[in-house]
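Below, chain A is the first sequence line, B the second, and so on; all start at residue 1. If you're wondering where the values come from, they're calculated on a predicted model, not measured in any experiment.
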Protein chains: 2
Amino acid sequence: MSRVYNFSAGPAVLPEEVLREAADEMLDYRGTGMSVMEMSHRSKAFAGIIEEAEADIRELMQIPDNYKVLFLQGGASQQFAMIPMNLMKNRVADYIVTGQWAKKAYQEAQKYGKVNKIASSEDKTFSYIPDCSDLPVSPDADYVYICENNTIYGTKFKTLPNTKGKTLVADVSSCFLSEPVDVTKYGVIYGGVQKNIGPAGVVIVIIREDLITDDVLPGTPTMLKYKTHADAGSLYNTPPAYGIYICGKVFKWLKAQGGLAAMKERNEKKAALLYDFLDQSRLFKGTVRKEDRSLMNVPFVTGDEELDAKFVAEAKKAGLENLKGHRTVGGMRASIYNAMPYEGVQALVDFMAQFEKENL
Amino acid sequence: MSRVYNFSAGPAVLPEEVLREAADEMLDYRGTGMSVMEMSHRSKAFAGIIEEAEADIRELMQIPDNYKVLFLQGGASQQFAMIPMNLMKNRVADYIVTGQWAKKAYQEAQKYGKVNKIASSEDKTFSYIPDCSDLPVSPDADYVYICENNTIYGTKFKTLPNTKGKTLVADVSSCFLSEPVDVTKYGVIYGGVQKNIGPAGVVIVIIREDLITDDVLPGTPTMLKYKTHADAGSLYNTPPAYGIYICGKVFKWLKAQGGLAAMKERNEKKAALLYDFLDQSRLFKGTVRKEDRSLMNVPFVTGDEELDAKFVAEAKKAGLENLKGHRTVGGMRASIYNAMPYEGVQALVDFMAQFEKENL
């Protein structure tokens, strides 16, 4: 067995310790005589798993008691509909469009009410975060929506938008648990776990209790009501149990690393290594405005498509996988989530330096 | 490590070979240097996994080319809404209510149109399947809905209802791949995989192509349109990749066992062992009308609640797990899905015989 450095944007690298534990417990979870995959979701053993997972993420993010933590299915894409279906009381919402995922959310919401694009960075291929300090927030907006870290474009909100008192809803899929966060600033924080936390098929929604009501849009499916899941402790129907179990292990791993403050430090150190190299490189350059750079997703280009392709191919041979950029940006992208070790980024930078020497 | 015999109704027992393989491949899937959990859903390796899974279930069930196979999320409970949202062109549907899950589907559909309960067995705690040879099918019904095997009550349709030309939609969650099936008799066959196929978090929908259209009810979320997923080969967004991978392994295992005809024979043999014992027992008795008995879920009672509880507790000590019946039926229930070996049912029957001797 030999592991590669996996720079995939998601599904993405997981901590090796977590995978080892999961493999060890595959046929017999702690003396139960069965795999977590085979376990009734109403069993005592699984209750322990999901309750501990919730307690651990609450501790990591310091989630206040008046927020619920829901483990759901359908990914962020399903949230794009659930959010307006549940939150649109006035049928008005404001969206800040900083990338493809925010744009998809914005488009989906249009099915359900009047949706305003109050800011966008599409004019420059989403390579920056617009100034959100004084936006034309709608007086009757039910919420203001952002995608806080943009996986494809490699940007991140360093300051949350001024929502002028409106509820903030944030998709944090690609920066989930990568640094401390003040939950009280949000009405809803949610994300697919398959980038920074666990296997695809689980979406975690952290939602303030007053936003969980029976007053949803007509025709909202029972499964798409937050209240359905909040009232049942995420066990209204069979949850994605194995995925939740892996998420729980990642939460434990994060706690063992020192929690989110330690992760932030580590992630900043990793990102600095790569960005510092890019800033002095004569071959490679980053595509994002410096002040908006993500700690998680780092797109870069040589400016020559053929050379980009050569880089990606040779990197793969050297055990540096999934470095091809998204087609809308081109070039390369290194996703350096929580589970990517410093050594992985060092190996990438060393490889880039060598490639630069040989190809400039 | 010691494995128990797990009679859980779902999530449920999986083939031990499948779990062993999954454990072996956890850190490095076939030389890719990564776990399937860490793999981009757009990668060549994952394309191989999902395409092979689809090809194998098509072969197992002999699914005709004019049916799509979709790997979705949200469980059967989400299908309860997706079905009317996608299929109700006239806003009329007929439901046959043979248990709690059919009833939930019937209730959810009422959000979307005129829904008729054309048959029910609720009068006798769903302990039988009603005669469905000449039901008052609505002339403008968009479809007729059944739950083909009732997990809680242990009944199974041995003959499909006469739908008088209307599209048949069937939830087969608890009898999926347990015997050969004539797919052409259905418009939609679907089921959560967590009973007979894989880990919770995947629902497989087999749907005739002419039923997949853009003409869905207003307000249907993009993620709840069959067309979204059919057009994208189940990769519109990140699918529940690890679950699909395990399902694929179970399909291979089923093929190695001889396919669905062989499984049927094996399942009949297992069920006969238990039903024959029940039929001669002076302590235990089955709760279902004989001609409607499921091969998968076998509820039985002693008639004495205290004795039932004693049985469940002692069975657990003997390594026979999850035998407690559903609260609406009481007593016991043994779910003996594909992956339950004959030896497991033999162990249960031996234990029951011993218990009967000691407690009668």
With a 4.5 angstrom heavy-atom cut-off, could you sort out which part of [X] is near chain A: side chain, backbone, both or neither?
| X | answer |
| --- | --- |
| B/L217 | neither |
| B/S43 | neither |
| B/P84 | neither |
| B/L72 | neither |
| B/M34 | both |

What residue in [options] has the most heavy-atom pairs under 4.5 Å with chain A?
| options | answer |
| --- | --- |
| B/G10, B/A12, B/G319, B/G192 | B/A12 |
| B/M82, B/Q107, B/H41, B/R42 | B/H41 |
| B/P221, B/P239, B/P240 | B/P221 |
| B/P218, B/S77, B/P199 | B/S77 |

With respect to chain B, which residue among [options] yields the maximal number of heavy-atom pairs within a distance under 4.5 Å?
| options | result |
| --- | --- |
| A/V13, A/T32, A/D24, A/V202 | A/V13 |
| A/G219, A/G31, A/G243, A/A22 | A/G219 |
| A/G74, A/S40, A/S35 | A/G74 |
| A/T220, A/V36, A/V4 | A/V4 |

Salt-bridge criterion met for [X] and [Y] (N-O under 4.0 Å):
| X | Y | answer |
| --- | --- | --- |
| A/E321 | A/R3 | no |
| A/E108 | A/K104 | no |
| A/R91 | A/D142 | no |

Sort and list the pairs that fulfil side chain to side chain donor-acceptor pair (under 3.5 Å) and have at least one residue in residues 4-13 of chain A, not counting sequence neighbours.
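Residue pairs with at least one partner in residues 4-13 of chain A: A/N6-A/N322.
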Would you find more than 12 non-hydrogen atoms of other residues, nucleotides or ligands less than 6.0 Å from A/K324 atom NZ?
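No, not enclosed.
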Is the number of heavy atoms from other residues, nucleotides or ligands within 6.0 Å of NZ (A/K249) greater than 12?
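Atom NZ in A/K249 is packed in, count exceeds 12.
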What is the ring orientation for [X] with [Y], classed by angle as parallel under 30°, tilted 30 to 60°, or perpendicular over 60°?
| X | Y | answer |
| --- | --- | --- |
| A/F80 | A/W101 | tilted |
| B/Y29 | B/Y245 | perpendicular |
| B/F71 | B/F251 | tilted |

Do B/Y242 and A/Y242 make the cut of ring centroids closer than 6.0 angstrom?
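Ring centres of A/Y242 and B/Y242 closer than 6.0 Å.
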Considering heavy atoms only, which positions within residues 332-340 of chain B lie below 4.5 Å of chain A?
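Against chain A, none of the residues of residues 332-340 of chain B fall inside the cut-off of heavy atoms under 4.5 Å.
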Nearest 0.5 Å please: distance from the CG atom of A/D28 over to the CD atom of A/E38.
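Going from CG on A/D28 over to CD on A/E38, the span is 10.0 Å.
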How long is the straight-line distance from CG of B/L323 back to CZ of B/F7, given to the nearest 0.5 Å?
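Output value for this atom pair is 5.5 Å.
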Show your reasoning for whether side-chain contact (heavy atoms from CB on, under 4.5 Å) applies to A/M37 and B/I246.
CA-CA 10 Å; A/M37 289 191 210; B/I246 299 290; 3.7 Å; yes
Check each atom of A/Q78 against the heavy atoms of chain B and say whether the ones under 4.5 Å are side chain, backbone, both or neither.
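Backbone plus side chain of A/Q78, per the 4.5 Å heavy-atom cut-off to chain B.
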